[in-house]
Amino acid sequence: FYGGYSLKKGILALSIILLLGLCTGCNSEGKVKRDKPQSTDLTAVNVNEIVLGVSSKSLDLTKYSAVPNEQTADEKNTQYFEELQITTDDDGVVTLIKGIVGPGTRVNVNDSQPLSISEVVEKLGSNYNEYWFDREQNIKAYTYYDEIQKIYATFATFDDNLIWLILNE
């Protein structure tokens with residue numbers, strides 16, 4: 001009798017530990033998920049031909065509509081435009097690009113400009129993590145990882161349509 005009771009307590013304790021482990025592995029909404037799926041070559045993924053690792057001094061940013069400072073977050077080394085956002089390190093090397101799909105912004109994936117996640121998956125394959133970026137707004141995210149370049153590409157969608165791309169280290 002005592003041994004059976006102890007076994008039930010042990011199973012209950014193990015179940016609770018497993019449940020907590022699963023819950024802590026869940027993604028909180030609004031964050032770029034950092035689980036590393038199988039590596040995908042992301043060398044041909046960019047926003048308006050802007051890629052990670054280039055000097056911001058080599059970019060012509062005059063063609064973009066700057067967002068007034070009072071409307072932006074005060075993030076170090078970040079430039080905000082209506083079409084995109086660029087963050088650099090202290091040496092001016094681009095470390096993050098956020099591009100909004102729409103007029104003035106082209107998301108390029110292997111020499112095409114996909115407008116849906118289905119088109120992205122056709123070009124990059126299915127080695128991605130899919131998760132809710134913002135469930136209330138029905139925004140899903142699909143994150144690819146390039147092991148060689150050590151970069152992530154997160155495609156955000158609404159009803160399969162691309163709405164933005166985040167490229168970051």
Side-chain angles (χ1 to χ4, degrees), residues 27 29-134 137-169:
N27 180 47
E29 292 180 12
K31 309 255 183 189
V32 173
K33 192 168 185 176
R34 290 296 191 165
D35 292 343
K36 292 180 184 174
Q38 187 175 350
S39 186
T40 299
D41 181 6
L42 299 176
T43 54
V45 177
N46 62 70
V47 177
N48 289 355
E49 308 297 325
I50 301 171
V51 295
L52 296 175
V54 300
S55 170
S56 61
K57 294 175 185 148
S58 68
L59 302 176
D60 177 15
L61 301 176
T62 60
K63 58 186 169 185
Y64 301 112
S65 307
V67 175
N69 288 342
E70 62 272 4
Q71 294 179 7
T72 63
D74 188 22
E75 293 182 37
K76 184 179 177 185
N77 300 328
T78 300
Q79 296 176 289
Y80 296 91
F81 303 93
E82 290 181 15
E83 303 85 358
L84 53 89
Q85 171 187 332
I86 297 175
T87 301
T88 63
D89 63 15
D90 289 337
D91 296 323
V93 176
V94 176
T95 59
L96 180 138
I97 306 163
K98 292 181 182 178
I100 298 170
V101 176
T105 307
R106 280 186 338 276
V107 169
N108 300 301
V109 177
N110 297 349
D111 298 322
S112 69
Q113 288 82 42
L115 297 175
S116 70
I117 194 61
S118 302
E119 294 174 49
V120 171
V121 171
E122 283 179 29
K123 295 293 183 178
L124 296 179
S126 58
N127 296 328
Y128 56 80
N129 286 331
E130 177 183 356
Y131 55 97
W132 286 105
F133 193 86
D134 187 328
Q137 294 186 48
N138 202 30
I139 298 173
K140 279 193 161 182
Y142 301 78
T143 298
Y144 288 87
Y145 179 68
D146 186 324
E147 181 71 36
I148 295 168
Q149 296 186 84
K150 306 287 188 230
I151 63 171
Y152 293 86
T154 300
F155 297 88
T157 66
F158 178 81
D159 289 337
D160 194 53
N161 298 307
L162 287 184
I163 53 177
W164 72 73
L165 166 62
I166 302 171
L167 287 170
N168 63 312
E169 296 177 339

Give a yes or no on whether the backbone of Val93 and the side-chain of Asp91 come within a donor-acceptor separation of less than 3.5 Å.
no
request  = Fit a plane to each ring of Phe155 and Tyr144, take the angle between them on a 0 to 90° scale, and name the class: parallel (under 30°), tilted (30 to 60°) or perpendicular (over 60°).
outcome  = perpendicular
- Query: With a 4.5 Å heavy-atom cut-off, do Glu169 and Leu96 have their side chains touching?
  - Reply: no
Side chains of Thr143 and Tyr131, donor plus acceptor under 3.5 Å | yes
Between Asn46 and Asn108 the two heavy atoms that sit nearest each other are OD1-ND2, 2.6 Å
Lys57 meets the side chain to side chain donor-acceptor pair (under 3.5 Å) criterion, sequence neighbours left out, with none
Residues at least two apart in sequence or cross-chain that pass side-chain contact (heavy atoms from CB on, under 4.5 Å) with Thr105, listed by chain then number, are Val47, Asn48, Glu83
Main chain of Thr95, side chain of Thr87: is a donor-acceptor contact present, judged purely on distance under 3.5 Å? no
> Any donor and acceptor pair, going by atom type alone, linking the side chain of Asp159 with main-chain N or O of Asn161 inside 3.5 Å?
Replying inline: no
Is the closest side-chain donor-acceptor distance between Asp160 and Ser118 under 3.5 Å? yes
- request: Tell me yes or no: between the side chains of Asp89 and Asn77, is some donor less than 3.5 Å from an acceptor?
  value: no
Tyr142 side chain to Thr157 backbone, donor-acceptor under 3.5 Å
no
- Counting distance only, does the side-chain N/O of Ser58 pair as donor-acceptor with the main-chain N or O of Ser56 below 3.5 Å? no
side-chain contact (heavy atoms from CB on, under 4.5 Å) filter on Glu122, not counting sequence neighbours, yields none
Going by the angle between their ring planes, with limits at 30° and 60°, are Phe133 and Trp164 parallel, tilted or perpendicular? perpendicular
When Leu115, Val120, Leu165, Val45 are each screened for side-chain contact (heavy atoms from CB on, under 4.5 Å) with Val107, the one that passes is Leu165
Taking every heavy atom of Val101 against every heavy atom of Leu162, the minimum-distance pair comes out as CB-O, 3.7 Å
Cationic N near anionic O, under 4.0 Å, Asp111 to Lys123: no
